[in-house]
Amino acid sequence: MTPIHFAFSSTFMLGLAGLAFHRAHLLSALLCLEGMMLSLFIALSTWTLEFNSTNFAMSAMILLAFSACEASAGLALLVAMARTHGTDSLQSLNLLQC
C-alpha cells in the first residue's frame, strides 16, 4: 500500500470512527460525514489520474455533487432541530415521538 492510499484510507477510517464514537452533537456527525466524503472524492480523483483513465473521471464529480446535496440536507435538518429543540444534541431527540 502506497503512502497516498494509506493516507486516504486512514482519513476515511478516522471519519468513520468519529461518526461511530462521538455521537453527541449533530454538527459533529455531519462534519465526520463530510470528511469521509471528501476523502472518497480525493481518492477517486487521484486514482483516475494514476491510471490515466477517463472512464472514471465523472464518478468523482458525481460523488462531489451527492456530497453537496447531503451537506445541504444535513444543514437543513440541523437548523430545523435547533429551532424545535433549542440544541443540536442528539441526546435530546426522542425518535418515538412525532
Inset, instruction - Check Leu75 against Leu30 and note the closest heavy-atom contact, atom names and distance. - result: N-CD1, 4.2 Å
Legend entry - Residue Ile4 excluded, over 12 heavy atoms near CD1 under 6.0 Å: no
Inset, instruction - Starting at CE of Met61, measure out to OG of Ser45 and round the result to the nearest 0.5 Å. - result: 8.0 Å
Inset, instruction - Over all heavy atoms of both residues, which pair between Ser39 and Phe8 is shortest? Give the atoms and the distance, please. - result: CB-O, 4.2 Å
Inset, instruction - Decide whether Leu90 and Leu77 are clustered together by the hydrophobic rule: side chain heavy atoms of Ile, Leu, Val, Met, Phe, Trp, Tyr closer than 4.5 Å, transitively. - result: no
Inset, instruction - Could you grab the distance from atom CG of Leu40 to atom CZ of Phe66, nearest 0.5 Å is fine? - result: 13.5 Å
Inset, instruction - List for me each residue that meets side chain to side chain donor-acceptor pair (under 3.5 Å) alongside His25, sequence neighbours excluded, and say none if there are none. - result: Asp88
Legend entry - For His5, all residues meeting ring pair (Phe, Tyr, Trp, His ring centres under 6.0 Å), sequence neighbours excluded: Trp47
Inset, instruction - Check whether Leu64 and Phe12 end up in the same hydrophobic cluster, where Ile, Leu, Val, Met, Phe, Trp and Tyr are linked by side-chain heavy atoms less than 4.5 Å apart. - result: yes
Legend entry - Gap between atom OG of Ser10 and atom CG of Leu16 - 0.5 Å precision: 12.5 Å
Legend entry - Rounded distance [0.5 Å steps], CE in Met58 versus CG in Leu44: 12.5 Å
Inset, instruction - Working to the nearest 0.5 Å, report the span between CZ of Arg83 and CE of Met81. - result: 14.5 Å
Legend entry - Inter-residue atom distance Leu14.CG - Leu19.CG, 0.5 Å rounding: 12.5 Å
Inset, instruction - Group every Ile, Leu, Val, Met, Phe, Trp and Tyr by side-chain heavy-atom contacts under 4.5 Å, then state whether Met13 and Leu38 land in the same group. - result: no
Legend entry - Co-membership, hydrophobic cluster, residues Leu31 and Ile42, 4.5 Å side-chain: no
